[in-house]
Every structure is written in structure tokens, then in C-alpha cells.
Amino acid sequence: MKKLFAEFFGTFWLVFGGCGSAIFAAGFPELGIGFAGVALAFGLTVLTMAYAVGHISGGHFNPAVSLGLWAGGQFPSKDLLSYIVAQLIGATLAAGALYVILGNGDVGGFAANGYGDLSPGNFSMTSALLAEFLLTMFFLLIILGSTNERAPKGFAPIAIGLGLTLIHLISIPITNTSVNPARSTSQAIFAGSDYTSQLWLFWVAPIAGAIVAGFIHKALFSKE
């Protein structure tokens, strides 16, 4: 139960901090946050929570990460469903809190993910699918590599946080950056049916990329 609460709070903070910065950056451009600031915010949410509760649950905060670690032989099958449920609840409640804070304000895209007309740069479904697949794959390779027993101790959260920042710098114009099905689901719920109809891509591509990364790490980089 402690692990599930850690996943709940970690995912809540990632969505509240990361998506919150994106929502207010879009709504108040005069603040000058910009997408570089949003990218940094997502990286900082993971970095801070990885140190805060990562030692309790492993600091997944993302269904794709849990499945990628499982594919890499670093996470047991019996805990997969409960972790994913905790992550989805945390993400959805965080999105709900942001919705309430906005009040009667125009939520716009609510930092949701999309392709085609819903892509910030009008990128196609194929572009979005490939970007989300590749970026999640490399995100998992960073996680698996930096948490390996042979890696320097205590630095994994820094590598993971910086990795997520770079991922957002690359893909905010393409899809508004998912690499996290829980984050995508929570925002789509409040953004409307146009976004929920595209939600499938932000489950399929990140999970596929994460599982491929798990198999790659297990085959090429594990000691066994």
C-alpha cells in the first residue's frame, strides 16, 4: 500500500506541476514561460518525486515505465495492474484539481495530447506515433541504464529528469508530449471528445516503445 500511495502522489505531482505549467503558459503568454519552461517543469516534477518517494515504489509515475521495467525483468507482473490504477487515479485527480483552479476560465486544449489538427504544429498521426514510440523507448533506456546496479549510485533521478526535459523540448510541438498514458488520459478527460478519440495513440505508442526498450536492455546490457 505504501508503494501505491507513492505512485499516486508521484503521478499527481507530475501532472499537476507539468501540465499545470503548460496550461498557464498557454493561457498567460505574457508570463514568458514558453515551452522550454514547460519542458523544465516536467523534468523537475520527476526529479523531485524520484528523490521524495522513488525509494518507496521505484518512482514509475507512468504506466509505460511500469511495463517497460517489467519487460526488462525489473518489475514483477503481479504489481503491474495495481501500479497502473494508482497512476491513473493520481493523474486524473491532479487534472481535476487544475480544472477546478481554472474555474470558469477557458481550458482550451488543457495541455492534452493530439495529432493532426490537435497537434501544436499540425503533425500527422504517423509523425506522432513515431515520435512517441522513439522518445518513450529512449526514456526507458535512460531509466533502465541509470538505475542499473553498475551505474553510479544516487544520480538516476537527475539523468531521468534531464531526459524527460529533453524529450519535452523535442516533442511539445509534435504532440504536446505524452510518453505517459496516465498523463494523456487525465488531460483528455477534461479537454473533450476530440482528444479522447485520439487517446489510443498515447497508450499504444508509449507502451510499445517502453516494452521494446525493456527487451533491448535485457538482451544487450544486462549482466545475465
Side-chain angles (χ1 to χ4, degrees), residues 1-19 41-94 132 135-168 177-186 202-203 205-224:
M1 190 59 68
K2 289 180 180 179
K3 292 179 180 180
L4 297 182
F5 272 116
E7 286 298 304
F8 166 82
F9 283 113
T11 313
F12 185 103
W13 183 238
L14 183 146
V15 170
F16 188 80
C19 293
F42 271 100
L44 288 174
T45 58
V46 169
L47 175 63
T48 53
M49 272 296 159
Y51 277 119
V53 298
H55 57 284
I56 299 171
S57 66
H60 300 187
F61 318 142
N62 180 340
V65 170
S66 297
L67 285 160
L69 293 174
W70 164 79
Q74 305 297 316
F75 190 66
S77 301
K78 64 181 179 63
D79 291 335
L80 269 176
L81 181 59
S82 59
Y83 263 54
I84 291 172
V85 169
Q87 292 156 0
L88 284 169
I89 293 172
T92 303
L93 289 180
E132 290 290 332
L135 291 169
T136 312
M137 185 183 77
F138 277 96
F139 187 43
L140 262 293
L141 289 174
I142 292 168
I143 292 171
L144 287 162
S146 63
T147 57
N148 189 279
E149 61 182 14
R150 291 173 290 169
K153 304 301 179 188
F155 293 99
I158 297 174
I160 294 167
L162 290 175
L164 191 61
T165 300
L166 176 59
I167 285 168
H168 279 79
T177 310
S178 172
V179 302
N180 185 336
R183 169 258 192 274
S184 296
T185 301
S186 65
F202 302 103
W203 276 84
I207 288 174
I211 289 175
V212 168
F215 290 144
I216 288 173
H217 188 270
K218 192 173 184 179
L220 299 181
F221 303 121
S222 293
K223 288 178 68 176
E224 296 80 10

Engineer: Would you check if there is a donor-acceptor pair between the side chains of Q87 and S66 at a distance under 3.5 Å?
Structural biologist: yes
Engineer: Can you tell me how far the CD1 atom of I216 sits from the CE atom of M137, to the nearest 0.5 Å?
Structural biologist: 5.0 Å
Engineer: Count the heavy atoms of every other residue, nucleotide or ligand shown that sit under 6.0 Å from NZ of K2, and state whether that count exceeds 12.
Structural biologist: no
Engineer: CZ/F155 to CG/L162 distance, rounded to the nearest 0.5 angstrom?
Structural biologist: 12.0 Å
Engineer: Please find the pair of heavy atoms, one from I142 and one from A159, that lie closest to each other, and give the distance.
Structural biologist: CG2-O, 3.8 Å
Engineer: Shortest non-hydrogen contact from L141 to A213?
Structural biologist: CD2-O, 3.7 Å
Engineer: What are the two closest non-hydrogen atoms of I56 and K3, and how far apart are they?
Structural biologist: O-CG, 3.4 Å
Engineer: So which heavy atom on A156 is nearest to which on T147, and how close?
Structural biologist: CB-CG2, 3.8 Å
Engineer: Would you call the rings of F8 and F12 parallel, tilted or perpendicular, taking 30° and 60° as the class edges?
Structural biologist: tilted
Engineer: Hey, what do you get for CG (L69) to CD1 (I211), rounding to the nearest 0.5 Å?
Structural biologist: 11.5 Å
Engineer: T165 and F42: side-chain contact (heavy atoms from CB on, under 4.5 Å), yes or no, with the steps?
Structural biologist: CA-CA 6 Å; T165 300; F42 271 100; over 6 Å; no
Engineer: Report the C-alpha distance between F61 and V15 in whole Å, list the side-chain angles of each, state the deciding distance to 0.1 Å, and finish with yes or no for side-chain contact (heavy atoms from CB on, under 4.5 Å).
Structural biologist: CA-CA 10 Å; F61 318 142; V15 170; over 6 Å; no
Engineer: Look up atom CG in L4 and atom CZ in F9, then write down how far apart they are to the nearest 0.5 Å.
Structural biologist: 12.0 Å
Engineer: Which distance, rounded to the nearest 0.5 Å, do you find between the CD1 of I143 and the CG of N62?
Structural biologist: 7.0 Å
Engineer: Begin with the C-alpha distance, continue with both residues' side-chain angles, and end with the deciding distance and a verdict on side-chain contact (heavy atoms from CB on, under 4.5 Å) for V85 and I89.
Structural biologist: CA-CA 6 Å; V85 169; I89 293 172; 3.8 Å; yes
Engineer: Rounded to the nearest 0.5 Å, what separates atom CG in L164 from atom OG1 in T177?
Structural biologist: 8.5 Å
Engineer: Kindly say whether G154 contributes a backbone atom to a donor-acceptor pair with the side chain of Y51 at under 3.5 angstrom?
Structural biologist: yes
Engineer: If you define the side chain from C-beta out and look only at heavy atoms, does anything of P206 sit under 4.5 Å from F139?
Structural biologist: no
Engineer: Run M49 and L14 through side-chain contact (heavy atoms from CB on, under 4.5 Å) and show every step you take.
Structural biologist: CA-CA 8 Å; M49 272 296 159; L14 183 146; over 6 Å; no
Engineer: What orientation do F75 and H60 show, parallel under 30°, tilted 30 to 60°, or perpendicular over 60°?
Structural biologist: perpendicular
Engineer: Does R183 use its side chain to pair, donor to acceptor, with the backbone of C19 at less than 3.5 Å?
Structural biologist: no
Engineer: Restricting to non-hydrogen atoms, name the atom on G214 and the atom on L144 that form the minimum distance, rounded to 0.1 Å.
Structural biologist: CA-CD1, 3.9 Å
Engineer: Check A91 against S186 and note the closest heavy-atom contact, atom names and distance.
Structural biologist: O-CB, 3.2 Å
Engineer: Backbone N or O of T45 within a donor-acceptor pair of the T48 side chain at under 3.5 Å?
Structural biologist: yes
Engineer: Could you check whether any side-chain N or O of E132 sits under 3.5 Å from a backbone N or O of F202, counting only pairs where one atom can act as donor and the other as acceptor?
Structural biologist: no
Engineer: Is it the case that W70 and S77 place a side-chain donor and acceptor less than 3.5 Å from each other?
Structural biologist: yes
